[in-house]
Amino acid sequence: MLASRAGREPYDWSAWRGDLLAEAPPGMARLQRLSQVFPAPASADDDEGFVDRVADTLLESAAAGSVFTEVRFGNESMLRPGFMELFRRAEQRVRDEYPVFYAEAIASVLLWYEPDRLAAVVDECVRAATEGLAGMDLLYVPYATEANWRVGRQVVDRAVDAGLGVTVHAGEFSTANIGAVAHLDGVTRIGHATQAFRDPWLLDVLAEREVTVECCLSCNVLLGAVPRLADHPLRRFRAHGIKVALGTDNPVQIGTTIGDEYAAAAQLGLSDAELLELTRTAVRAGFTSEDRRAELLGHLDGFEPEGAMGGVTREQRVG
Ligand SMILES: [Zn+2]
């Protein structure tokens, strides 16, 4: 998007994905590579450019049929003056074209920052919450082995006090941290949790704690969390009474849209009615106001199942 405005060739993410598969083994090595690339640095554009870029992202999601999209932002974007106002301008531009569409902003928070920087980022999120920031996504190290949740616990408490929703990455490549995270009061969603299928106790915990699992099918296949789409545990999760919503994770790099993710879920055998249920779950678990949630659920009640789409799309590192 940025490249097209600057008159340059768009970056070839499909070639990048080919290299990723050829050069990095499945699992953490691929995630590390993914985390090193960004569509564009936040400093690369002025306010208008930023609004354009966010609106492009939201427009792609709305055009794919989404009625509710959450976009995840890195800390650099959060610190941009007037961040939430710019985000709402981008959202409004999309709503002019798609009146039944809402978007919310989520901050990605890296718990491994040194304490002063982490405190500053959390302060900024708490302040932005008063302007409409909807939630936080927590990331930490070690990711694939058990982490210490002392600092995470404090950050979750501050977020909840500020009225922010909290989702945490866990269980993408190992069962580590799923149990700990699911037991943190205030955490209502877990990103991925793919490996929970390996442990019946973890499945019980996710169901009993009513944690919504954000399944990002294409991302899980590309990074090797599952060998093939057919191996994805989404249906097992649902059969166990676990709430499931769909997401795109990093759609630009992964080369997916929320529409593609619903198509992948259909490939796993979900019926149109079940796909619509995923959308309802996404809206119920979405980080948004109760007014917006009620409006969206009312809209979905009028949907025929074959028109079902939408959900929590996750666009990490939009800037
Ligand atoms: Zn992820």
### Query
With no hydrogens and no angle check, is any side-chain donor or acceptor of N220 less than 3.5 Å from a backbone partner on C215?
no
### Task
Describe, in one word, how the ring planes of F173 and Y143 are oriented to each other, choosing from parallel (under 30°), tilted (30 to 60°) and perpendicular (over 60°).
perpendicular
### Message
I'd like to know if L217 and I190 are part of one continuous hydrophobic network [Ile/Leu/Val/Met/Phe/Trp/Tyr, side-chain heavy atoms within less than 4.5 Å].
### Response
yes
### Message
For T288, give me all partners under side chain to side chain donor-acceptor pair (under 3.5 Å), at least two apart in sequence or on another chain.
### Response
E104
### Query
NE2 of H240 to CG of L206: how many Å apart, nearest 0.5 Å?
8.5 Å
### Query
Under 4.5 Å between any side-chain heavy atoms of Q195 and L202, yes or no?
no
### Summary
Note: L164 and C125 closest approach over all heavy atoms is CD1-O, 3.9 Å
### Message
Using modelled atom types and a 3.5 Å cut-off, is there a donor and acceptor pairing between side-chain atoms of R189 and backbone atoms of T212?
### Response
no
### Task
Return the minimal non-hydrogen interatomic distance between A90 and A55, and the atom names on each side.
CB-N, 3.7 Å
### Task
First locate atom SG of C216, then atom CD of E261, and finally report the distance between them rounded to the nearest 0.5 Å.
7.0 Å
### Task
May I ask you to decide if V126's main-chain N or O and T130's side chain share a donor-acceptor pair within less than 3.5 Å?
no
### Query
Within the side chain of S61, is there an N or O that forms a donor-acceptor pair under 3.5 Å with the backbone of T57?
no
### Task
Using the side-chain contact (heavy atoms from CB on, under 4.5 Å) rule, pick out the option among L138, V166, V211 that qualifies with V187.
V166
### Query
So D185 and R209, salt bridge (Lys or Arg N to Asp or Glu O under 4.0 Å) or not? Walk me through it.
CA-CA 9 Å; D185 284 329; R209 300 276 300 170; 2.8 Å; yes
### Query
Per the side-chain contact (heavy atoms from CB on, under 4.5 Å) rule, which among M78, E131, E124 passes with F83?
M78
### Task
Report yes or no: do I106 and V181 belong to one cluster of Ile/Leu/Val/Met/Phe/Trp/Tyr joined by side chain heavy-atom distances under 4.5 Å?
no
### Task
Answer whether the closest heavy-atom distance between the side chains of R158 and Q154 falls below 4.5 Å.
no
### Heavy-atom closest contact (T167 atom, G191 atom, distance)
OG1-N, 3.8 Å
### Message
Run the salt bridge (Lys or Arg N to Asp or Glu O under 4.0 Å) test on R238 and E277 for me, step by step, so that the C-alpha distance in whole Å, both residues' side-chain angles and the decisive distance to 0.1 Å come before the verdict.
### Response
CA-CA 11 Å; R238 283 175 51 82; E277 190 49 40; over 6 Å; no
### Task
For side-chain contact (heavy atoms from CB on, under 4.5 Å), just list the numbers for V168 and W149, CA-CA rounded to whole Å, side-chain angles, deciding distance to a tenth of an Å, and then say yes or no.
CA-CA 12 Å; V168 183; W149 284 95; 3.7 Å; yes
#### Entry: Side chain E70, main chain F287, donor-acceptor under 3.5 Å
yes
#### Entry: T257 and E60 side chains, donor-acceptor separation under 3.5 Å
no
### Query
So H183 and W201, would you call those rings parallel, tilted or perpendicular, with 30° and 60° as cut-offs?
parallel
#### Entry: Residue pair L270 / Y262, side-chain heavy-atom distance below 4.5 Å
no
### Query
Quick one: does I258's side chain get under 4.5 Å of F68's, heavy atoms only?
no
### R30 side chain vs L222 backbone, donor-acceptor pair below 3.5 Å
yes
### Query
Is it true that the NZ or CZ of R80 lies under 6.0 Å from the centre of F73's six-membered ring and within 45 degrees of the ring axis?
no
#### Entry: P233 versus T194, closest heavy-atom pair with distance
CG-O, 3.4 Å
### Message
Less than 4.5 Å apart, side chain to side chain, heavy atoms only: is that true for V244 and L278?
### Response
yes
### Query
Do E91 side-chain atoms and A103 backbone N/O form a donor-acceptor pair below 3.5 Å?
yes
### Query
Can you find a heavy atom in the side chain of F101 that is under 4.5 Å from one in the side chain of L58?
yes
### Message
Regarding Y102 and S289, do their side chains bring together a donor and an acceptor under 3.5 Å, going by distance alone?
### Response
no
### Query
Just wondering, do C219 and E172 contact through their side chains at under 4.5 Å, heavy atoms?
yes
### Message
So does L297 get a backbone contact from the side chain of R280, meaning a donor-acceptor N/O pair under 3.5 Å?
### Response
no
#### Entry: Check: D199/T175 side-chain N/O donor and acceptor closer than 3.5 Å
no
#### Entry: Heavy-atom donor-acceptor pair, N75 side chain to S108 backbone, under 3.5 Å
yes
### Query
Is any side-chain N of the basic residue among D123 and R127 closer than 4.0 Å to the acidic one's carboxylate O?
no
### Query
Is the backbone of R228 close enough, under 3.5 Å, to the side chain of D231 for a donor and an acceptor to pair up by distance?
yes
### Task
Take Y98 and S66 through the test side chain to side chain donor-acceptor pair (under 3.5 Å) and record every step on the way to the result.
CA-CA 10 Å; Y98 297 90; S66 172; over 6 Å; no
### Shortest non-hydrogen contact from A196 toward I178
N-CD1, 3.7 Å
### Task
With salt bridge (Lys or Arg N to Asp or Glu O under 4.0 Å) as the test, would you mind laying out the steps for E290 and R293 before giving the verdict?
CA-CA 5 Å; E290 290 314 313; R293 194 188 324 282; 2.9 Å; yes
### Query
Where do R72 and E214 land on the salt bridge (Lys or Arg N to Asp or Glu O under 4.0 Å) test, with the steps shown first?
CA-CA 14 Å; R72 304 192 184 203; E214 306 163 2; 3.1 Å; yes
### Summary
When rounded to the nearest 0.5 Å, the distance separating OG1 of T145 from CE of M28 is 8.5 Å
#### Entry: Nearest non-hydrogen partners of A265 and L275, listed with the distance
CB-CD2, 3.7 Å
### Query
To the nearest 0.5 Å, what is the distance between CG (N148) and CG (L111)?
10.5 Å
### Query
Under 4.5 Å between any side-chain heavy atoms of S77 and F50, yes or no?
yes
